[in-house]
Structure formats: C-alpha cells, structure tokens
**Student:** 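What follows is a single structure, and I will ask about it in a moment.
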There are 2 protein chains.
Amino acid sequence: MNDPISDILQSKGLRATPVRLKVLEQFQGSDNAVSPKEIELRFDQIDRITLYRTLKSFEEKGIVHKIDDGTGTPKYAMCIDKCDEGHHHDDHVHFHCNDCGNTFCVEDVEVPYIKTPPKLKVAKTSIVMNGTCEKCQ
Amino acid sequence: MNDPISDILQSKGLRATPVRLKVLEQFQGSDNAVSPKEIELRFDQIDRITLYRTLKSFEEKGIVHKIDDGTGTPKYAMCIDKCDEGHHHDDHVHFHCNDCGNTFCVEDVEVPYIKTPPKLKVAKTSIVMNGTCEKCQ
DNA sequence: ATGATAATTGCAACAGCGTTGCAAAGGATG
DNA sequence: CATCCTTTGCAACGCTGTTGCAATTATCAT
Ligand SMILES: [Mn+2]
Ligand SMILES: [Mn+2]
Ligand SMILES: [Zn+2]
Ligand SMILES: [Zn+2]
C-alpha cells in the first residue's frame, strides 16, 4: 500500500488487482483520453469484458470520467477534481483534434454560463470543441 | 411535384420516393429529434438498411442534421437554416431532457464564443444541455 | 412507347461494441 | 483451514450500423 496507484484504488473501495493497476497506469501515463479499444491493444492480453467492467467501476467510483467527443467512440480520462462515488465534478471543456484524432480535457476552460429560455431547467452543460490541437498545427 | 415535401427532396437532388417521403414526413411532424429506431417503429414495415441509407443521404444533402446528445443513441432533426450539401449551419444548442428522454434543438440559443488556449485552433463547438424540459417541469 | 441507364430498395451476411449469466479463481476474514 | 465475497474469464447473446449483390424502379434518350 505504498504504491500511489494502489492507494487510489483502495481509497475508492476497490481492490488493487493486477488488471486494475495496469489499466490505471495506462490512464496515468496518457495525456489524452483513451478508448476501451486502445487500452485493450496496449495489453498483451486482457479480457475485453473485464476491461469494460473495470472502466465501469472506475467511472462509478469517480476515478475516471467518460467523454463523448462526437466520434461515436467513447473515451475515458482521469478525473482531476476530487470526484466521488456517483458524483463527478468534471465541468470542463473537451477538445477533439480532427487531425490526430486525439481527445483531451481542457482543464483551464470552464463551461461558461449560457442564457437559455426560462422554460428549460438546465442541470448540466457539455461542451465539445473540434479543430486542430497544438501538436498538429 | 406540388407537394412541398417532394419539393424539398427534388431541390436537393434526391428522388421523391415513397420511403423518403414518409421519413421526411416523420421529421416534419415531430417537435423532437428522433432516433433511427423510433422512425423504424413508426412504420408498419420499413427496411432497417434503407432507413439508414435514407438518413445518411438526408444528412449529406443538408436536409437533417445528426445530434449526439450523450445518450449514445444518435438522433436526427430537420435543418432549419439553409444547409447545403456537405455544409451545415446548425450552430445551435441542443437540449436533452432527463425526464422524458426527448432531445430537441434550442434554435434561439446560439453557441457563444468561448475563450480557449491560443494553442488550440477551434473549428466547431458543440453544446448539449441536460435537465428538465418545459413539459416535464 | 421502347430500351438503355442510373438510382433506389431489400435481403443476406457480416463486423464491432457492449451486456449478461455462470462457473472458476482469488482475497479477506474468522 | 473454512467461509464468504469479489473479481475474472469464457460463452453466448443483442443491438447498431455496414457492405455486397441482385431485383426493382425511376429517368432519359432514342
Ligand atoms: Mn475531462
Ligand atoms: Mn439541431
Ligand atoms: Zn492533433
Ligand atoms: Zn422532458
């Protein structure tokens, strides 16, 4: 329990199993959001179903958040803010680069207030930007 | 060719076939964005594949636009602005009601300018709001 | 009108993603 | 060790969307 990655899992009430540790390492070592498929390919051998269940539990526990970048391929990224079980605080913009295909969190851009018709009760606003990222300029 | 629905199709270079006319009627008569599955169920009998191809051609021609409301189920709605082949102008906010599950275009709310890191070249911004719609208050 | 030409449709088959059920393996706890 | 609960892996399945191909239908030029 000196391993910081193990600590994350245990603090969320999840056992620090080999699969979970390796998946979490992938997230820690990645600048971008990653799809289940990408994670799968980075492993020599991992069970598809186990990976799906791992991602689901990570998301439920507030370790990662799911990102819908409009490509149809869901992606996941580490939660930066202190998200808890069933309560996320990832209210930032996401960016999808049309050139390299990468998607990442734009932490320093908060979702602005947008005035809407008073008839609508807005609980959450999701913003996805498309364009060209720094590396692809 | 006095039928206004036929006119829409022909002005976009699409033949006014029975399937297309009926699908387009569904869009005209709906306040909400609709999923392929919903359209399929409104017909006594329609071929799934043909419907997918119809939606694809409608989208390409700028008759409808595809909406990703974050539910994982894609939806389509009529283009209000004059969208052309391969060039859409549907830069408005979309709203998904968590109560009734409906998704619709919020025409009168334009996507605001959002200041981003200068390193990012933003070409398009998609905004989806979640909450409670007027009917579900 | 008749035949050539091109667009549209319907069917079969397939691929990919994600889910569920279930049994085996692994940890925790006494 | 014995028990209980969690996690994993496999099989099977459902759903969405795609492609190939042949049949049908509309369009157009004789
Ligand atoms: Mn994020
Ligand atoms: Mn719209
Ligand atoms: Zn890029
Ligand atoms: Zn509603």
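So that the names make sense, note that chain A is the first sequence line, chain B the second, and so on, each numbered from 1. Worth saying up front: this structure is predicted, and the values here are computed from it rather than measured.
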**Student:** Answer yes or no: side-chain N or O of B/Arg53 and base N or O of C/dG10 forming a donor-acceptor pair under 3.5 Å.
**Tutor:** yes

**Student:** Side chain of B/Pro36, heavy atoms from C-beta onward: which of D/dT7, C/dC17, D/dG17 has the nearest atom to it?
**Tutor:** D/dG17

**Student:** Side-chain contact, heavy-atom cut-off 4.5 Å: B/His92 with B/His94?
**Tutor:** yes

**Student:** Measure CG/A/Leu51 against C1'/C/dT19 and give the value in whole Å, please.
**Tutor:** 14 Å

**Student:** Any idea which of D/dC10, D/dT16, C/dT9 is nearest the B/Tyr52 side chain?
**Tutor:** D/dT16

**Student:** Can you find a heavy atom in the side chain of A/Val128 that is under 4.5 Å from one in the side chain of B/Asp68?
**Tutor:** no

**Student:** Verify the contact: side-chain N or O of B/Thr17 to OP1 or OP2 of C/dT9, cut-off strictly under 4.0 Å; return yes or no.
**Tutor:** yes

**Student:** Measuring to OP1 and OP2 of C/dT8, would you say a side-chain N or O of B/Arg20 lies under 4.0 angstrom away?
**Tutor:** yes

**Student:** Think A/Lys56 has a side-chain N or O under 4.0 angstrom from the OP1 or OP2 of C/dT19?
**Tutor:** yes

**Student:** In whole angstroms, how far is the C1' atom of C/dG18 from the NZ atom of A/Lys75?
**Tutor:** 16 Å

**Student:** What is the distance, rounded to the nearest whole Å, between atom CG of A/Leu24 and atom C1' of D/dT7?
**Tutor:** 16 Å

**Student:** Within this structure, what is the NZ-to-P distance between A/Lys12 and D/dT7, rounded to whole angstrom?
**Tutor:** 16 Å

**Student:** Could you tell me whether the side chain of B/Ile114 reaches within less than 4.5 Å of the side chain of A/Val111, counting heavy atoms only?
**Tutor:** no

**Student:** To the nearest Å, give me how far apart CD1 (A/Ile49) and P (D/dC13) are.
**Tutor:** 14 Å

**Student:** Among C/dT8, C/dC11, D/dT16, which nucleotide sits nearest the side chain of B/Leu14?
**Tutor:** C/dT8

**Student:** Which residue lies toward the 5' end of DNA chain D, A/Ile46 or B/Pro74, if each is placed at its nearest nucleotide?
**Tutor:** A/Ile46

**Student:** Can you measure B/Ile39 atom CD1 to D/dT16 atom P for me and round it to whole angstrom units?
**Tutor:** 13 Å

**Student:** What heavy-atom pair brings A/Lys121 and B/Phe95 nearest, and what distance separates the two atoms?
**Tutor:** O-CZ, 3.9 Å

**Student:** Would you call the rings of A/His87 and A/His89 parallel, tilted or perpendicular, taking 30° and 60° as the class edges?
**Tutor:** tilted

**Student:** Can you figure out which of C/dT9, C/dC17, C/dC11 approaches the side chain of A/Arg48 most closely?
**Tutor:** C/dC17

**Student:** Closest-nucleotide mapping onto DNA chain D: is B/Gly72 or B/Arg15 further toward the 5' terminus? I mean the 5' end.
**Tutor:** B/Gly72

**Student:** Would you indicate, yes or no, if D/dC15 has its OP1 or OP2 atom less than 4.0 angstrom from a side-chain nitrogen or oxygen of B/Lys37?
**Tutor:** no

**Student:** Whole angstroms only, please: what is the CD-P distance between B/Glu40 and D/dC15?
**Tutor:** 11 Å

**Student:** Please report the distance, rounded to the nearest Å, between CG in B/Asp47 and P in D/dC21.
**Tutor:** 18 Å

